[in-house]
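What follows is a set of notes on a single structure, which appears directly below.
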Amino acid sequence: PLEVNHLYGKHRSFFITGLGLLPAYATASVTGASTDFNMVRAEGFGLAGGFLTLGYRFQPLKSGVMFQFNWNPLILRGSGFNGAWFGLGLGFGFK
């Protein structure tokens, strides 16, 4: 995914907001009545949809362990809004 985030806050606690795009590579082939008994093959890159990021980040003032929790609702082409995606992050921050 390609994403741009912005942090709101000071010191150790931040509110995270972001927008992202979900590029995808797909291949497809179809045979049968849907194409009048002709076989169709296709492949390539496309945009599957987009997503939002809303969350909380706790990070150390100097070096140390960082924690992050996100809600990432997806907006997919063809199937619409899916709000059941969450993220959890654990890392180490350097200053």
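Listed here is the closest heavy atom pair of Val65 and Pro60: O-CD, 3.3 Å. Listed here is the closest heavy atom pair of Pro1 and Pro23: CA-CD, 4.3 Å.
Applying the side-chain contact (heavy atoms from CB on, under 4.5 Å) criterion to Leu76, with sequence neighbours excluded, gives Leu22, Leu74, Ser79. Applying the side-chain contact (heavy atoms from CB on, under 4.5 Å) criterion to Ile16, with sequence neighbours excluded, gives Asn5, Leu7, Thr53, Arg57, Gln68, Asn70. Here Phe45 pairs with Tyr25 under the side-chain contact (heavy atoms from CB on, under 4.5 Å) rule; sequence neighbours left out.
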Verdict with reasoning, Phe58 to Met66, per side-chain contact (heavy atoms from CB on, under 4.5 Å) = CA-CA 6 Å; Phe58 178 81; Met66 180 196 84; over 6 Å; no
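Hydrophobic cluster membership for Leu21: Leu47 (Ile, Leu, Val, Met, Phe, Trp, Tyr linked by side-chain heavy atoms under 4.5 Å, directly or transitively). Hydrophobic clustering, defined by side-chain heavy atoms of Ile, Leu, Val, Met, Phe, Trp and Tyr closer than 4.5 Å, groups Ile75 together with Tyr8, Phe15, Leu54, Phe67, Phe69, Trp71, Phe81, Phe86, Leu88.
Side-chain contact between Trp85 and Pro73: absent, with no pair of heavy atoms (C-beta onward) separated by less than 4.5 Å.
Within the structure, side-chain hydrogen bond (donor to acceptor under 3.5 Å, both in side chains) pairs that include any residue of residues 9-18 comprise Ser13-Tyr56 (at least two apart or interchain).
Put simply, CZ on Phe94 and NZ on Lys62 are 15.5 Å apart, with the number rounded to the nearest 0.5 Å.
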